[in-house]
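As structure tokens, the structure follows; a few thoughts come after it.
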Amino acid sequence: GDLGCVDARGDLAIAGRAKELIKVSGYTVHPADVEAVFHAHPAVATCAVVARAQGADERIVAFVVLKDGASATPRALRAFVAERIADHKRPRVVRVLAELPALANGKVDRNALRRIALEPAPR
């Protein structure tokens, strides 16, 4: 289920997992591409991106953990990303969490995030 590509030197780079791909308006979006843009924000410690079904399509939902002492609103984070990424890759929802849910092995629990993505955002 891993996705990768081989560069001109023959080096293999892991790009993500096939089951994590998000389909938005006919485009395939790699969560890592969107996450990399969030990681460029000075207030972001970590983030994870998942899909939320919307009719026959999917929408991108981003979950962000801020660095200690940093502040950024979901609106400001969306604006930051909007300036740096194609429209079909922009998350429609950004939620700031204290921490990302994790599996026993320490990896992000994307299934838990998908469940949270279905819940109404706190105001």
Side-chain angles (χ1 to χ4, degrees):
D2 289 328
L3 297 173
C5 59
V6 178
D7 65 17
R9 294 184 346 196
D11 294 328
L12 174 65
I14 301 299
R17 302 218 14 106
K19 69 180 182 179
E20 293 175 358
L21 294 178
I22 302 170
K23 303 285 186 167
V24 179
S25 302
Y27 293 98
T28 300
V29 178
H30 295 268
D33 292 345
V34 181
E35 292 164 359
V37 177
F38 277 99
H39 282 119
H41 191 285
V44 173
T46 192
C47 70
V49 170
V50 297
R52 179 177 70 192
Q54 185 168 345
D57 207 5
E58 293 181 314
R59 291 292 174 250
I60 299 170
V61 179
F63 294 91
V64 177
V65 176
L66 300 177
K67 293 177 181 174
D68 288 338
S71 65
T73 65
R75 179 178 288 200
L77 292 167
R78 283 185 64 216
F80 177 86
V81 171
E83 294 174 357
R84 292 163 175 80
I85 202 165
D87 185 59
H88 68 276
K89 293 183 178 183
R90 295 178 189 162
R92 299 307 183 229
V93 176
V94 174
R95 303 217 11 211
V96 176
L97 302 177
E99 62 184 6
L100 297 177
L103 299 169
N105 63 7
K107 291 184 179 182
V108 173
D109 186 347
R110 291 184 186 270
N111 286 328
L113 289 177
R114 286 183 193 96
R115 288 190 297 273
I116 296 169
L118 295 173
E119 299 171 1
R123 298 219 175 247

Nearest-0.5 Å distance, [atom1] of residue [X] to [atom2] of residue [Y]:
X: Leu77; Y: Arg95; atom1: CG; atom2: CZ; value: 14.0 Å
X: Arg52; Y: Ile22; atom1: CZ; atom2: CD1; value: 11.5 Å
X: Gln54; Y: Arg59; atom1: CD; atom2: CZ; value: 4.5 Å
X: Leu118; Y: Leu113; atom1: CG; atom2: CG; value: 11.0 Å
X: His30; Y: Lys89; atom1: NE2; atom2: NZ; value: 7.5 Å
X: Arg84; Y: Phe38; atom1: CZ; atom2: CZ; value: 11.0 Å

### Task
Name the orientation class of the two ring planes belonging to His41 and Phe80 (parallel below 30°, tilted from 30 to 60°, perpendicular beyond 60°).
perpendicular

Are [X] and [Y] connected in the hydrophobic side-chain network, where two residues link if heavy atoms are under 4.5 Å apart?
X: Leu100; Y: Val93; answer: yes
X: Val61; Y: Leu21; answer: no
X: Val64; Y: Val49; answer: yes
X: Val24; Y: Val94; answer: yes

### Task
List the steps and the verdict of side-chain contact (heavy atoms from CB on, under 4.5 Å) for Ile60 and Arg90.
CA-CA 7 Å; Ile60 299 170; Arg90 295 178 189 162; over 6 Å; no

### Task
Side-chain contact test, heavy atoms from C-beta onward, threshold under 4.5 Å: evaluate it for Pro91 versus Val34 and give yes or no.
yes

So which heavy atom on [X] is nearest to which on [Y], and how close?
X: Leu103; Y: Val108; result: CD1-O, 4.2 Å
X: His39; Y: Cys47; result: NE2-N, 3.6 Å
X: Val96; Y: Ala72; result: CG2-O, 4.2 Å
X: Pro42; Y: Lys67; result: O-NZ, 3.2 Å
X: Lys23; Y: Glu58; result: N-OE1, 2.7 Å

### Query
In this structure, are over 12 heavy atoms from other groups packed under 6.0 Å from Glu119 atom CD?
yes

### Task
Answer yes or no: does atom CG of Asp68 have more than 12 heavy-atom neighbours from other residues, nucleotides or ligands under 6.0 Å?
no

### Task
Indicate yes or no: does Arg78 engage Asp87 in a salt bridge with an N to O separation below 4.0 Å.
no

### Task
For Arg115, enumerate each residue passing the salt bridge (Lys or Arg N to Asp or Glu O under 4.0 Å) test, keeping only those at least two apart in sequence or located in another chain.
none

